[in-house]
Enquirer: 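Take this structure first; my questions come after.
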Number of protein chains: 2
Amino acid sequence: MEATRAKLIKAARAAFADKGYAGASMDDLTAQAGLTRGALYHNFGDKRGLLAAVVNQIDEEMAHRAHTIAQGAGHDWECLVAEGAAYIEMALDPEIQRIVLLDGPAVLGDPSQWPSQNNCLAVTRTAIEGLIDKGLLKPVDAEASARLLSSAAFNAALWIAASDEREVLLPKAIAAFRALASGLLAEPEARSRDRR
Amino acid sequence: MEATRAKLIKAARAAFADKGYAGASMDDLTAQAGLTRGALYHNFGDKRGLLAAVVNQIDEEMAHRAHTIAQGAGHDWECLVAEGAAYIEMALDPEIQRIVLLDGPAVLGDPSQWPSQNNCLAVTRTAIEGLIDKGLLKPVDAEASARLLSSAAFNAALWIAASDEREVLLPKAIAAFRALASGLLAEPEARSRDRR
DNA sequence: AGGTTTTACATACGAAGCGTATGCGTTGTT
DNA sequence: AACAACGCATACGCTTCGTATGTAAAACCT
């Protein structure tokens, strides 16, 4: 049943975010959902499979939010910067940090080979490809640039969240992100757009 | 005894790199070092403490290597780029990937608050601070820029290592890294044009 | 519609691992 | 020489995961 899958994923999101992947007990988790471990192993195979499902769900949500935010804010390169800033701010969510940024890579391996195919990364890559086609960016490798950019954004969020002065660090991180991203800009005329 | 600590750390490096943190058994690990779990809990408190010690050791080695490589290769900004490239190449080592980049953050939390204080990051930050003082870089926040830059390098390595065409991806990643880093460069003509 | 298979989940079982409490030998102290 | 402290080993309990088995309902076939 699809309903039980949803209930388990919901409970897993809460448990993984609160206790971490290793600290979350399958018994407690399933009981929270009004089920037992039997349902879990039937639907997801093992604990890793459940985490993969949870990560996939969150990743899709993030990619969707980032895409809409980026579309609503500015055009072209400003759009790319807004997307990165959106990633940074989204990654301040403890749930996203713990599940997607910390436990996800450790348990499932590098995000580039996740079953979810990492939708967030795909969004950034296509955005970069579009800007390259328009001639606004240097002819860099879109995949590589997207990876570097998104990972920079996410790790910035890790750093900010671990600190106790988030309000001070967040603008600094976004400014640094903007500076780094400006390195992708094609040389002369587009650069005038990079101020601050 | 310091000798037993060294033996345990050595065995732990091998075990963590091979089986991963969660998959490494303390019994097997200590037996490999000719000891038992008693020595472990006496010297390191718990499994996390052992990982922290291992991470600290590797981090110091990496920072040392990066510093010497960067000093030997070029000056000023080229030095910074060489440092980033060195991080990327070092992070292709499976031991570093598994222990420092994957399990480390998941178990110990964000690197910025590690007991080791993350020497790698410190090296990059001081390098950036020096370049800012020379006026070669924009007056960005050194801490933020260093975090974004080093995390970008490390995640690039994760991506490359997970792929099966490392020789093709490595130059692409370094090129993209150079492009991003160039965004930190001060631009006299553009800045004078924008001054108001 | 009735019997059979398959599905969806619960229950029971075994094994492994971590952390702590305790024990033992050795070294240092006075 | 007796006693304390230290370093490490041994023993125990508790938790947790994965699998194997059981069961009731649904789906399927004729």
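Below, chains carry the letters A, B, ... as their sequence lines are ordered, and counting in each starts from 1.
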Enquirer: Please report the distance, rounded to the nearest Å, between OH in B:Y21 and C1' in C:dG17.
Expert: 12 Å
Enquirer: Among residues 34-43 of chain B, which ones have heavy-atom contacts with DNA chain C below 4.0 Å?
Expert: B:R37, B:Y41
Enquirer: Please state how far atom CD in B:E2 lies from atom P in D:dC6, giving the value in whole angstrom units.
Expert: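 My rounded result for the distance is 17 Å.
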Enquirer: Rounded to the nearest Å, what distance is computed from the CZ atom of residue A:F44 to the P atom of nucleotide D:dG18?
Expert: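 Roughly 14 Å, once rounded to whole Å.
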Enquirer: Can you measure B:R5 atom CZ to D:dC8 atom C1' for me and round it to whole angstrom units?
Expert: 15 Å
Enquirer: Quick check: does any side chain N or O of B:D110 sit under 3.5 Å from a backbone N or O of A:A162, one acting as donor and the other as acceptor?
Expert: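 No: the side chain of B:D110 does not pair with the backbone of A:A162.
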Enquirer: Quick check: does any side chain N or O of A:D141 sit under 3.5 Å from a backbone N or O of B:K172, one acting as donor and the other as acceptor?
Expert: no
Enquirer: With distance as the sole test, does B:W159 use its side chain to make a donor-acceptor pair with the main-chain N or O of A:P111 at under 3.5 Å?
Expert: no
Enquirer: Contact class for A:A24 (heavy atom, under 4.0 Å): base, sugar-phosphate, or nothing?
Expert: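 Counting heavy atoms under 4.0 Å across all strands, the contact made by A:A24 is with sugar-phosphate only.
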Enquirer: Are A:F16 and B:L108 joined in one hydrophobic group, where the rule is that I, L, V, M, F, W and Y side chains link up if heavy atoms are under 4.5 Å apart?
Expert: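 Cluster IDs for A:F16 and B:L108 differ.
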Enquirer: Can you tell me how far P of C:dA10 sits from CG of A:D27, to the nearest Å?
Expert: 12 Å
Enquirer: Between B:R147 and B:E143 (salt bridge meaning N to carboxylate O under 4.0 Å), is one present in this structure?
Expert: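 Salt bridge: no.
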Enquirer: Round to a whole Å and report the spacing from NZ of A:K47 to C1' of C:dA16.
Expert: 14 Å
Enquirer: Determine whether A:L184 and A:L149 make a side-chain contact, defined as any pair of heavy atoms from C-beta on separated by less than 4.5 Å.
Expert: yes
Enquirer: How do A:G45 and A:D28 order along DNA chain D: which one's closest nucleotide is nearer the 5' end?
Expert: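 The residue closer to the strand's 5' end, by nearest nucleotide, is A:D28.
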Enquirer: Could you tell me how far apart B:M26 (CE) and D:dC8 (C1') are, to the nearest whole angstrom?
Expert: 14 Å
Enquirer: Could you state the atom-to-atom distance from CG of A:L50 to C1' of C:dC9 in whole Å?
Expert: 16 Å
Enquirer: Under 4.0 Å: is that the gap between some side-chain N or O of A:T4 and OP1 or OP2 of C:dC9?
Expert: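 For A:T4, the contact criterion (side-chain N or O under 4.0 Å from OP1 or OP2 of C:dC9) is met.
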Enquirer: Do B:D27 and B:S25 have side-chain atoms, one donor and one acceptor, less than 3.5 Å apart?
Expert: no
